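Inspection log for the structure reproduced underneath, given as structure tokens.
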2 protein chains.
Amino acid sequence: MTFRRTNPLALAVLALLSERPMHPYEMAQTMRERHQEEVIKLNYGSLYTVVESLRRHELIAASATQKAGNRPERTVYAITEAGTAELHGWLRELIAVPAKEYPRFEAGISLVGLLPPHDALAVVEQRLAALGEQLTALAVLLEKLAGMGLPQLAWIELDYRMAVLRAERAWLTWFATATREGTVGGYDDWEERHR
Amino acid sequence: MTFRRTNPLALAVLALLSERPMHPYEMAQTMRERHQEEVIKLNYGSLYTVVESLRRHELIAASATQKAGNRPERTVYAITEAGTAELHGWLRELIAVPAKEYPRFEAGISLVGLLPPHDALAVVEQRLAALGEQLTALAVLLEKLAGMGLPQLAWIELDYRMAVLRAERAWLTWFATATREGTVGGYDDWEERHR
DNA sequence: CACCCTATACTCGGTTCCGGATATTTGGGA
DNA sequence: TCCCAAATATCCGGAACCGAGTATAGGGTG
């Protein structure tokens, strides 16, 4: 059975172990500290499932079971050679090949015609406000990270997200205006259906 | 137990049943015809699970079991009043509140420093090419739909996706240049680590 | 020094998801 | 008329996922 590149949490595990051996709980802590959990969903339940799956595929291996102090016993894992290869291959694939994803907003906006135009406008404006807040929060964070002397490469994904958020906001602004003024194609029919 | 708005396929089911009663297989066909499966992931296995879950929560109800011709028996479902309310509420939420999502590309690009700069540049350029193709394909499709006389509101989500894709491409173009010329912040260290 | 709160380190059970099977029927050509 | 491919309609078993629970230890407080 070959390893399937589904859960990105497995990628995070490989990336962390490529620095040094760790036990699962430590991985979680490190992800927290580095704000990695903003980019890769972290869930304790999944973490242990994922680690076990990586071990079964021999991409990582248990390197020791410590019993520091009198804490519950814990297993430290290390990356294998196959694991390093998998890490690099997966990374290449993630960047090179656009994955087919299903953003929830696309699902929502595709059915916006089911809401009366007036309500639709209201929720779009709510989203605009929320996006605005996210953008300023991001800008503040970027400022702070740059100020701390961290190199841009260390927070490159935030830079990317900022660009995408700006585009979203621009589109939404257009859509809100077009709805308000009734200039979006098919508006008359839309209006009529909701009476 | 209250209904959890996880799988958007359930939203599609509610939306379809808000038009008229259908049996599951017919829902799938209709989604195909309308290219809805581009926006909402459709999987036969999940479809029946989701329909059963909606029925348990009384958002839809079995309205008849036909046996047309001699086909295997099939159950036709209709939306309930609670279902209609759920559909509208969910729709509002999807549009108004930006969901925390985890795009795979963000995960990938956040770890790009693990690849040697030269390789990173290569995969980024591959993605740029792929994005270019997606964009022209989208443009062709939009042209076609507009030509068929469909109102803009019927393909509003494609309009949105186009805007986002353009922003992605612009950002990637910048990143490729900055990598090629070594002007991305932290480049020297990056170079050095891979020797 | 008794107490409690938080941090540590998992574990577990129920739900959800999904990729194939499975079983029947219709339509169309040889 | 017979046969096969495609369409119809659903089901199933295993994998993955996730939230909540458990159990111990250290550290601060009155």
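Labels below follow one simple rule: chain letters A, B, ... track the order of the sequence lines, proteins then strands, and each chain is numbered from 1. On a predicted model such as this, the values are computed, not experimentally measured, just so you know.
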| field | Pairwise distance CE(A:M22) to OG1(A:T75) - rounded to 0.5 angstrom | value | 15.5 Å
| task | May I ask you to say what B:E26 touches in the nucleic acid, namely base, sugar-phosphate or nothing, with a heavy-atom cut-off under 4.0 Å? | result | nothing
| query | When all nucleic acid strands are considered with a 4.0 Å heavy-atom cut-off, which category describes B:R56: base, sugar-phosphate, or nothing? | reply | sugar-phosphate
| query | Is the distance from OP1 or OP2 of C:dC10 to the nearest side-chain N or O of A:Y25 less than 4.0 Å? | reply | no
Sequence neighbours left out, cut at 3.5 Å: what donor-acceptor pairs do the side chains of residues 144-159 of chain A make with other protein atoms?
residue: A:Q152; atom: OE1; partner: B:G185; partner atom: N; Å: 3.0
residue: A:W155; atom: NE1; partner: A:P151; partner atom: O; Å: 3.3
residue: A:D159; atom: OD1; partner: B:W171; partner atom: NE1; Å: 3.0

| said: Tell me the bend of the helix from C:dC1-D:dG30 to C:dA30-D:dT1 as the angle between end helix axes, each from five pairs, rounded to the nearest 10 degrees. | reply: 0°
| Looking at DNA chain C, which of residues 32-48 of chain B put a heavy atom within less than 4.0 Å of it? | B:K41, B:N43, B:G45, B:S46
| Do any pairs count as a side-chain hydrogen bond (donor to acceptor under 3.5 Å, both in side chains) and have a residue in residues 8-21 of chain A, sequence neighbours left out, and if so which ones? | A:E19-A:R34, A:R20-A:E26
| task | Could you name each residue pair satisfying side-chain hydrogen bond (donor to acceptor under 3.5 Å, both in side chains) that touches residues 98-125 of chain A, not counting sequence neighbours? | result | A:E106-B:R161, A:D119-B:R92, A:E125-A:R180
| remark: Which of A:W174, A:F175, A:F105 passes ring-ring contact (aromatic ring centres under 6.0 Å, His included) with B:Y160? Answer is A:F105
| said: Looking at every non-hydrogen atom in both residues, tell me the closest pair between B:V164 and A:V164 and how far apart they are. | reply: CG1-CG1, 4.1 Å
| field | Residues in side-chain contact (heavy atoms from CB on, under 4.5 Å) contact with A:A167, at least two apart in sequence or another chain | value | B:A167
| request: Check whether any side-chain N or O of A:R55 sits under 3.5 Å from a backbone N or O of A:A61 as a donor-acceptor pair, and report yes or no. | output: no
